[in-house]
Undergrad: 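There's a structure below that I have some questions on.
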Amino acid sequence: APLREGAVDILRFETVHRRRNGTDYPVQISLQLFRAETPELFVAVVEDFGERQRAEQALRRNEEKYRALVEATNDWLWEIDTAGVYTYASPRVRDILGYEPEEIVGRRPADFMTPEEARRVAHLFAELAAERRPLTLLENINLHKNGREVVLETSGLPIFDDAGNWQGYRGIDRDVTLRWRAEEAYCESEMRFRSMAGNVPGMVFQFVLQAGGARAFRFA
């Protein structure tokens, strides 16, 4: 009816055909009406898309597996384009930075850093991106939505299309705030100890008895 009434030039729809051996298969039909013929003719192009349908089902299964892995990991997965703009953020960012994924997409990493940290990271990223080099364990300080500092460890790989054109980076961010604070506290404690040891009126040392009866200075 839509063809006879002139509502459309081509009518496309999906249905199921049956083979001679009795098995069914999905098809997509493109139907046209040729009025110039006498009598008028309907001409149909029938496409068997069973293989395509199976491929799409397999793709959906893989996507579901990937989504389950992404949502189960404690790390934040992301993608950025060549301009450094987020095109994807996994749900884990909600726990790490307090933002919903849709609040991240369309923005840049610098938007979640102090100006000084943003300049430092931008300089490092520009050097690596210019040579299409991976990002490897790059520590950077970000600001949570509530204002507190979050230290992330960033790793990523450059993305290329089939023609070899650079498309951006795909990577992962790990929250290392607790580890970073522990290391910072240890360094401060070590510096404080060395400062005190260097100013007492005498020698400060550590002398230990090792396995097998050997003796050695650990510190002086």
Side-chain angles (χ1 to χ4, degrees), residues 65-80 84 86 88-101 103-104 107-159 168-220:
K65 291 178 183 177
Y66 174 74
R67 190 180 301 111
L69 288 171
V70 166
E71 293 178 356
T73 182
N74 288 327
D75 301 324
W76 165 29
L77 280 66
W78 49 262
E79 287 185 8
I80 58 174
Y86 285 113
Y88 171 75
S90 71
R92 180 61 175 157
V93 71
R94 186 185 302 118
D95 302 315
I96 293 177
L97 291 182
Y99 292 92
E100 295 297 325
E103 294 180 277
I104 299 292
R107 301 174 69 179
R108 292 178 168 83
D111 295 336
F112 307 96
M113 302 176 184
T114 63
E116 182 180 357
E117 181 72 349
R119 285 191 294 270
R120 183 186 73 85
V121 173
H123 177 71
L124 293 172
F125 176 76
E127 288 184 343
L128 295 170
E131 299 179 8
R132 312 298 188 251
R133 289 161 55 194
L135 310 173
T136 306
L137 304 179
L138 173 62
E139 286 192 356
N140 51 98
I141 302 174
N142 293 255
L143 297 176
H144 192 277
K145 194 172 185 177
N146 63 16
R148 66 180 174 85
E149 290 187 346
V150 179
V151 183
L152 299 180
E153 187 177 75
T154 301
S155 297
L157 294 173
I159 308 170
Y169 277 86
R170 179 181 295 121
I172 186 171
D173 271 359
R174 176 165 295 168
D175 185 352
V176 294
T177 306
L178 294 178
R179 187 188 75 191
W180 187 80
R181 286 177 179 167
E183 291 174 352
E184 189 178 50
Y186 173 79
C187 290
E188 289 179 358
S189 176
E190 182 75 8
M191 290 175 62
R192 189 179 303 113
F193 170 75
R194 290 185 178 277
S195 177
M196 293 171 61
N199 287 281
V200 297
M203 183 177 75
V204 178
F205 66 92
Q206 183 184 24
F207 187 71
V208 297
L209 177 64
Q210 298 176 331
R215 295 172 175 81
F217 281 101
R218 285 280 183 86
F219 173 80

Undergrad: Could you pull out the closest heavy-atom pair between N142 and P109, with the gap in Å?
TA: OD1-O, 4.4 Å

Undergrad: Which is it for R108 and D111 under the salt bridge (charged side-chain N to carboxylate O under 4.0 Å, His left out) test, yes or no, and what are the steps along the way?
TA: CA-CA 5 Å; R108 292 178 168 83; D111 295 336; 5.8 Å; no

Undergrad: Looking only at heavy atoms, what is the nearest atom pair of L137 and S155, with distance?
TA: N-OG, 3.1 Å

Undergrad: Grab the two heavy atoms, one from P101 and one from P91, that are nearest each other, plus how far apart they are.
TA: CG-CA, 3.8 Å

Undergrad: Indicate the atoms forming the closest heavy-atom contact of I96 with R148, along with that distance.
TA: O-NH2, 4.5 Å

Undergrad: Do other residues, nucleotides or ligands put more than 12 heavy atoms under 6.0 Å from the CD atom of Q210?
TA: yes

Undergrad: Tell me if the CZ atom of F207 is crowded by more than 12 foreign heavy atoms within 6.0 Å.
TA: yes

Undergrad: Does E117 reach the main-chain N or O of I141 with its side chain, forming a donor-acceptor pair under 3.5 Å?
TA: yes

Undergrad: For the side chain of T154 and the backbone of D173, is there at least one donor-acceptor N/O pair under 3.5 Å apart?
TA: no

Undergrad: Taking the side chain as everything from C-beta on, heavy atoms only, tell me whether V93 gets closer than 4.5 Å to F112.
TA: no

Undergrad: Hey, mind stepping through E149 and L143 against side chain to side chain contact (heavy atoms under 4.5 Å, CB included) and telling me if it holds?
TA: CA-CA 5 Å; E149 290 187 346; L143 297 176; 4.1 Å; yes

Undergrad: Considering all heavy atoms of both residues, which atom of A118 and which atom of A110 are nearest to each other, and what is their separation?
TA: CB-CB, 3.7 Å

Undergrad: Counting only N and O atoms by type, is there a donor-acceptor contact under 3.5 Å from the side chain of R92 to the main-chain atoms of N74?
TA: yes

Undergrad: Could you tell me which non-hydrogen atom of R107 sits nearest to which non-hydrogen atom of Y99, and how far apart they are?
TA: NH1-CE2, 4.1 Å

Undergrad: Hey, which of I172, L152, D175 is the one that makes side chain to side chain contact (heavy atoms under 4.5 Å, CB included) with W76?
TA: L152

Undergrad: If you round to the nearest 0.5 Å, how far is CG of L124 from CG of N140?
TA: 9.5 Å

Undergrad: What is the distance from atom CG of L138 to atom CZ of R120, rounded to the nearest 0.5 Å?
TA: 6.0 Å

Undergrad: I want to check something: taking the side chain as every heavy atom from C-beta on, are R170 and Y88 in contact at a cut-off of under 4.5 Å?
TA: no

Undergrad: To the nearest 0.5 Å, how far apart are CD in E153 and CG in L135?
TA: 12.0 Å

Undergrad: About how many Å separate CZ of R133 and CG of L157, when rounded to the nearest 0.5 Å?
TA: 13.0 Å

Undergrad: When rounded to the nearest 0.5 angstrom, what distance separates CD in E79 from OH in Y169?
TA: 13.5 Å

Undergrad: What is the ring orientation for Y86 with W78, classed by angle as parallel under 30°, tilted 30 to 60°, or perpendicular over 60°?
TA: perpendicular

Undergrad: Rounded to the nearest 0.5 Å, what separates atom NE2 in H123 from atom CG in L128?
TA: 10.0 Å

